[in-house]
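Before any comments, here is the structure.
Small disclaimer: the values here were computed from a predicted structure and weren't measured.
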Amino acid sequence: LPLGSLNIAAMQVAVQENVKRAIYFSLGVALVEILYVRLSLTGMHWVVAHQQLFHILEWATVFLFIILAISSFATARKTGTQKNVLLNNNMHRFWLGLTMSAINPVQIPFWFLWSTYLLSNKILLPTNSYYNWYTVGIGCGTLCGLALFIYGGKWLVNRLKTSHATINYVVAVVFIISAAIQLYRVWYIPFGSQLPPTTISSPKQ
């Protein structure tokens with residue numbers, strides 16, 4: 001449950017729009033998370049062979065976070081309930097969540113490391129049955145985590161009577177921190193070094 005860009009974005013959709021749209025957003029995020037998990041389990045060789053693609057995506061994520069931070073700051077300085085560039089569009093919130101999650105390649109090495117650790121300790125076995133339940137569990141966990149931010153964040157904002165400007169300031173700060181972390185990761189930690197040295201076995205039936 002890190003205070004990350006996707007969690008804060010889901011909370012912002014719930015507060016400034018409605019819970020239904022925030023749930024659509026979360027479903028898009030969770031779908032990509034599940035796809036990345038399956039990729040981490042079965043497509044390690046492909047990812048290693050296409051490191052340059054993910055390096056480009058990492059830089060794109062830095063610039064995206066900076067743009068979203070600037071937009072949130074600019075919106076917070078204006079009066080009324082104007083939305084920032086993240087929400088001020090007609091894109092269905094499911095596709096917005098899917099897009100934001102898809103261009104965040106940090107999840108791939110994260111799941112590589114965890115999957116390798118679990119496999120090496122025989123907690124996760126290389127069978128389709130284990131892989132399927134593992135993926136379903138991660139999808140459910142992602143949705144539960146986002147739900148906590150959606151409902152808990154909306155309750156907290158209403159409880160504290162927080163203004164839209166304050167919400168946008170908080171979102172801007174989170175995006176700045178996310179951009180800084182991502183920039184450090186891109187600059188000092190090459191994508192290839194984030195991958196585990198061992199390969200993941202092909203799943204057995």
Query raised in the report: Heavy atoms, side chains only, cut-off 4.5 Å: are R93 and K20 in contact?
Result: no
Requested in this report: Dump the intermediate steps for side chain to side chain contact (heavy atoms under 4.5 Å, CB included) on K154 and V19, then the final yes or no.
Outcome: CA-CA 9 Å; K154 188 176 179 67; V19 170; 3.7 Å; yes
Report task. Just do the side chain to side chain contact (heavy atoms under 4.5 Å, CB included) check on V13 and Y24 with the steps written out, would you? Result -> CA-CA 10 Å; V13 173; Y24 279 131; over 6 Å; no
**Report entry** Main-chain N/O of A14 paired with Y151 side-chain donor or acceptor, under 3.5 Å
**Finding:** no
Query raised in the report: When rounded to the nearest 0.5 angstrom, what is the spacing between CD in Q16 and CE in M11?
Result: 9.0 Å
Query - Interatomic distance, L6 atom CG to E33 atom CD [nearest 0.5 angstrom] - result: 8.5 Å
Report task. Kindly give the heavy-atom pair with the smallest separation between A10 and S26, and that separation in Å. Result -> CB-OG, 4.3 Å
Query - Closest approach of Y36 to S101 (non-hydrogen atoms, all atoms of both residues) - result: CE1-O, 3.7 Å
Report task. Any chance you could measure F94, atom CZ, to L31, atom CG, to the nearest 0.5 Å? Result -> 5.0 Å
Query raised in the report: Under the side-chain contact (heavy atoms from CB on, under 4.5 Å) test, which residues partner W95, sequence neighbours left out?
Result: M91, H92, L98
Using a 3.5 Å cut-off and no angle test, enumerate the donor-acceptor pairs between side-chain atoms of residues 132-148 and protein atoms at least two apart in sequence or in another chain.
from: N132; atom 1: OD1; to: R38; atom 2: NH1; distance (Å): 3.4
from: N132; atom 1: ND2; to: N128; atom 2: O; distance (Å): 3.1
from: Y134; atom 1: OH; to: S115; atom 2: OG; distance (Å): 3.2
from: T135; atom 1: OG1; to: Y131; atom 2: O; distance (Å): 2.7
from: T142; atom 1: OG1; to: I138; atom 2: O; distance (Å): 2.9

Report task. Could you grab the distance from atom CG of L183 to atom CZ of F63, nearest 0.5 Å is fine? Result -> 8.5 Å
Query raised in the report: Same cluster for I34 and L124 if Ile/Leu/Val/Met/Phe/Trp/Tyr side chains link at under 4.5 Å?
Result: no
Query raised in the report: Any chance OH of Y130 has more than 12 other-residue heavy atoms, nucleotides or ligands included, within less than 6.0 Å?
Result: no
